[in-house]
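Each chain gets a letter, A, B and so on, in the order the sequences are listed, and its residues count up from 1. FYI, side chains are in, hydrogens and waters are out, and symmetry mates aren't considered; it's all heavy atoms of this structure.
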Amino acid sequence: MKAVIIGLGTVGRALLREVQERGHELKSKYGLNLKVVGVADSKTAVYNEEGLNIAEILKMKERGILNDHPNRASLTELIKGGTDVLVELTPTNLKDGMPAVRYIREALSAGKHVITANKGPLAVEMPALMELAEYNGVHFLFSGAVGGGTPFIRFVSRCLLGERVIRIRGIINGTTNYILTRMEEGLSFEKALKEAQKLGYAEADPSADVDGWDSAAKLVILSNVAFQSGVTLRDVEVEGIRDIGLENVSDALRNGETYKLIAYSDGESHLVKPQRISLKSPLNVKGALNALQVEAEISGKQTLVGKGAGGRETAAAVIRDLVELKVRLAGDGRCL
Amino acid sequence: MLVMKFGGSVMRLPEDVLKVIDYLEGQGQGNVAVVSAVKGVTDLLLDMAYLASEGKEEELKNKFLKLREIHDEVMAALDLRGAIDEDLSILERALTGIFYLGELSPKSRDFVASFGERLVGNIVVKELRRRGINARFMMGGEAGIVTDDRFGDANPLYRASEVYIRNRLGALLPDTLPVVAGFTGETQDGRVTTLGRGGSDLTATLIGAALRADEVVLWTDVDGLLSVSPKVVKNPRVLRKVSYREAIELSFFGAKGMHPKFLEPAMRKEVPVRIRNFWKREDPGTLVSKEEEVKEGIVKAVGLREDVSIITVRGVGMIGRPGTAGRLFTVLGDHGINVLMISQSVSESSISLVVDGKDSSMTSNVLEDLLLGPIFSEISVEDNLSVVSAIGAGMRGTPGVAARVFKAVAERGINVKMISQGSSEINISFVVDGKDGVEAARAIYEEFKL
Ligand SMILES: NC(=O)c1ccc[n+]([C@@H]2O[C@H](COP(=O)([O-])OP(=O)(O)OC[C@H]3O[C@@H](n4cnc5c(N)ncnc54)[C@H](OP(=O)(O)O)[C@@H]3O)[C@@H](O)[C@H]2O)c1
């Protein structure tokens with residue numbers, strides 16, 4: 001299978017390394033013979049129909065320059081050329097999803113399968129992209145867009161086949177959970193945020209995380225998968241964690257409770273809001289962990305806990321999608 | 001928030017466009033207008049595209065002048081000369097391309113056809129802006145309507161259109177008055193498509209549904225949906241309230257070029273649609289909504305569709321053989337033949353179909369060519385028939401309605417040839433001889449005091 005990767009940041013490079021190391025295993029175990037024919041970062045696109053030398057790309061990228069590669073090409077050539085699948089790993093943009101939506105739409109309309117770990121395009125127009133994929137008869141997979149390597153999406157889409165999901169609730173942003181955990185331990189919001197930034201959990205501009213928009217974007221994705229609700233970011237009521245305050249956090253603790261930034265959807269209403277939950281709740285996870293509780297019609301409440309981010313972890317989700325794609329194309333319906 | 005659609009039936013003459021502008025000025029920003037081409041302009045454009053492809057320069061020039069004249073008249077009245085020069089020159093270049101290639105692809109045909117809405121839309125917007133309204137013109141595609149690649153009769157991709165309408169058009173409200181070119185959309189790669197007959201109604205309901213409008217108003221030149229065709233009785237009553245499903249049944253009986261597919265988006269999101277007469281603005285028209293009003297009498301309306309044909313396929317070999325109906329309908333589907341009614345005998349030895357009269361000979365030819373043989377051993381055709389239909393949500397669960405319908409018809413000595421009732425029970429349809437159609441419809445009209 002020929003693949004093109006756009007975005008060679010933390011995730012893109014981790015993916016290249018995994019492909020390099022585990023290529024053989026993927027081939028012998030799943031029949032996935034992956035050939036990376038194109039890569040691109042913000043400045044340069046490189047294409048070789050015969051497959052690129054991954055080690056060479058990684059080395060160049062480490063030195064910070066792709067542009068002395070001999071096989072330079074245009075992004076359109078990459079997307080519309082001889083590839084089977086586009087792997088889209090550019091930065092998240094929750095305003096209009098650019099540039100990812102443009103790349104994804106172009107690929108879908110050219111009949112290419114698409115895999116992304118980018119929640120931006122999904123938050124802005126997921127129902128549209130799903131319909132375009134269907135219309136063009138291609139697969140569109142995005143395991144890595146929620147929860148990094150933790151398979152939250154598959155948890156709501158696949159694991160409960162045959163019964164209805166009633167509601168989902170969870171903590172789907174690691175940064176805010178880290179901050180709230182530190183606040184439980186007595187740190188002020190500002191100090192906890194600084195610490196999170198130092199540890200690399202929070203961005204220099206932390207607003208997407210602390211104001212709840214990152215959680216809201218992921219909620220949109222989970223809700224569309226669980227309920228086919230057709231929602232986008234506009235439909236989510238969002239409130240962040242800036243105004244909780246230490247007094248409230250300690251008051252909660254005295255009452256056997258704690259504040260969490262909870263994302264909730266039942267398919268009709270969608271909200272992201274700080275809420276007090278019992279210290280004994282399975283959703284009471286610490287640090288940067290994520291947790292998602294799914295309530296199924298028959299089998300009841302179940303909770304999945306995992307690391308919500310990480311380059312290598314997210315690359316694993318992309319690989320999972322590549323394997324899934326291979327299985328689907330081979331017409332082999334095994335649930336992996 | 002209202003979505004207001006102004007059909008070609010409203011904009012017959014240049015001065016009608018002025019009335020529409022005045023009306024929109026009164027409605028103001030925060031609403032959405034959908035405009036159709038001035039009456040006759042779409043046909044004029046299609047002629048021009050054809051003439052260009054045939055290399056008929058002289059005739060093409062004349063039509064182009066005529067197109068210019070129609071719009072010049074509006075602009076002169078508004079002192080807006082030159083407002084559409086840019087659009088006209090784009091159109092001219094497109095036609096030149098067609099002229100030199102001598103080839104008219106469905107793509108270029110749609111591109112040319114879309115200018116009817118584009119020209120009038122731009123005039124409306126320029127004038128509204130001059131009057132201080134923040135109006136903005138948008139082609140259907142710009143407003144968010146994405147379609148498949150069936151140029152000339154494109155179908156919207158509903159979920160995608162909903163998202164894009166909200167992201168693009170919705171984002172402009174409430175401080176804009178978007179004026180959208182009805183009937184137009186675009187493919188995923190940005191080519192202009194047209195939505196086929198009645199397309200502007202669909203444009204309006206797509207937008208209304210996506211933006212959860214308070215109401216979609218379809219301004220026309222009729223008072224609303226009628227309880228019966230004026231052909232059957234003079235001055236029939238206007239229906240004040242009907243449900244989506246009743247309206248779908250009614251639109252089949254040719255309530256002026258309405259295509260039932262336009263109701264689908266409104267029905268899905270339960271957005272009310274109102275059909276009103278632009279020249280009688282005090283009249284509330286017909287409201288189409290979710291509610292099924294059953295009290296108003298059991299049968300609400302009677303439909304009459306003339307010039308239909310019954311095609312009957314017989315064969316003892318069909319009995320107990322699975323898949324025969326499937327073969328029949330596959331053949332019909334492959335040839336784009338639309339079947340209006342179906343009935344099969346219990347013995348399975350015959351299937352009768354009702355098709356539009358204009359499809360009759362093609363249907364029988366196709367069936368003879370492809371199916372006639374040991375299984376389908378006989379194909380017969382009966383032309384010049386009429387379908388009459390009693391419609392009303394109140395029929396469901398009310399016993400004896402069918403008996404009243406058929407008794408009324410029988411009392412006038414009319415012979416019924418075929419009957420079908422949808423399992424939704426909101427209509428009973430039957431076929432009679434063409435000469436009896438009007439009389440049968442009148443019988444029901446009188447029986448139920450419509
Ligand atoms: N990191 C995680 O833990 C994680 C987890 C889940 C999901 N994700 C998602 O995965 C995606 C990638 O994350 P990341 O951490 O790898 O981001 P990153 O380190 O910021 O890398 C982004 C890459 O995209 C390239 N890029 C930027 N603008 C571009 C454009 N216009 N055209 C083509 N390429 C462009 C950048 O090019 P340059 O190299 O030239 O700057 C860079 O290589 C994001 O959407 C993110 O939200 C990440």
Side-chain angles (χ1 to χ4, degrees), chain A residues 75-76 79-80 86 93-114 119-138 140 142 216-217 220-221 223-225 227-236 267-270, chain B residues 1 30 32 107 138 140-151 153-176 185-193 195 202 205-213 261 264-271:
Chain A
L75 267 171
T76 302
I79 295 174
K80 296 199 167 169
L86 165 68
N93 166 348
L94 295 182
K95 288 224 166 57
D96 59 10
M98 289 294 178
V101 282
R102 196 173 63 234
Y103 300 150
I104 294 176
R105 282 194 219 142
E106 202 169 38
L108 294 175
S109 77
K112 311 293 182 185
H113 307 290
V114 174
K119 56 205 156 286
L122 295 162
V124 173
E125 55 175 72
M126 176 161 171
L129 296 175
M130 301 284 283
E131 189 176 25
L132 291 175
E134 226 170 82
Y135 174 65
N136 291 296
V138 294
F140 179 39
F142 36 79
V220 163
I221 300 170
S223 166
N224 274 295
V225 171
F227 309 110
Q228 284 78 48
S229 55
V231 292
T232 64
L233 204 49
R234 296 167 181 280
D235 300 295
V236 187
E268 294 290 326
S269 53
H270 299 84
Chain B
M1 195 272 287
V32 179
K107 257 181 220 168
M138 296 171 106
E142 251 180 289
I145 296 174
V146 198
T147 71
D148 61 15
D149 290 348
R150 283 189 53 177
F151 292 94
D153 190 17
N155 296 298
L157 302 179
Y158 286 98
R159 278 169 290 153
S161 298
E162 181 181 349
V163 169
Y164 293 136
I165 289 168
R166 291 180 72 198
N167 286 353
R168 296 179 198 164
L169 191 58
L172 298 176
L173 298 173
D175 53 6
T176 312
E186 72 183 29
T187 62
Q188 55 183 341
D189 39 16
R191 304 215 174 255
V192 175
T193 52
L195 301 175
L202 184 57
T205 54
L206 276 171
I207 293 172
L211 303 180
R212 308 289 192 277
K261 89 176 166 190
E264 199 190 320
M267 187 166 160
R268 243 193 262 185
K269 300 288 187 242
E270 299 182 353
V271 169

- [ ] To the nearest 0.5 Å, tell me how far Asn155(B) CG sits from Tyr135(A) OH.
- [x] 9.0 Å
Task: Interchain contact, Val231(A) with chain B, by part (heavy-atom threshold 4.5 Å) - done: neither
Task: Check: Val163(B) and Met126(A) side chains under 4.5 Å, non-hydrogen atoms - done: no
Open item on the list: How close do Leu157(B) and Leu132(A) get, counting heavy atoms only, and between which atoms?
Closed with: CD1-CD2, 3.7 Å
Task: Contact check, side chains of Glu131(A) and Val146(B), non-hydrogen atoms, under 4.5 Å - done: no
Task: Leading residue by heavy atom contact count with chain B [cutoff under 4.5 Å; candidates Glu125(A), Glu134(A), Met130(A)] - done: Glu125(A)
TODO: Can you establish whether the number of heavy atoms outside Arg191(B) located under 6.0 Å from its atom CZ is more than 12?
DONE: no
Open item on the list: Can you tell me which portion of Asn136(A) sits under 4.5 Å from chain B's heavy atoms? Options are side chain, backbone, both or neither.
Closed with: side chain
- [ ] Taking all heavy atoms of Arg159(B) and all of Pro127(A), pick out the closest pair and write down the distance.
- [x] CB-O, 4.1 Å
Task: Side chain / backbone / both / neither for Glu106(A) at chain B, heavy atoms under 4.5 Å - done: neither
Task: Gln188(B) CD to Leu108(A) CG distance, which is reported to the nearest 0.5 Å - done: 7.5 Å
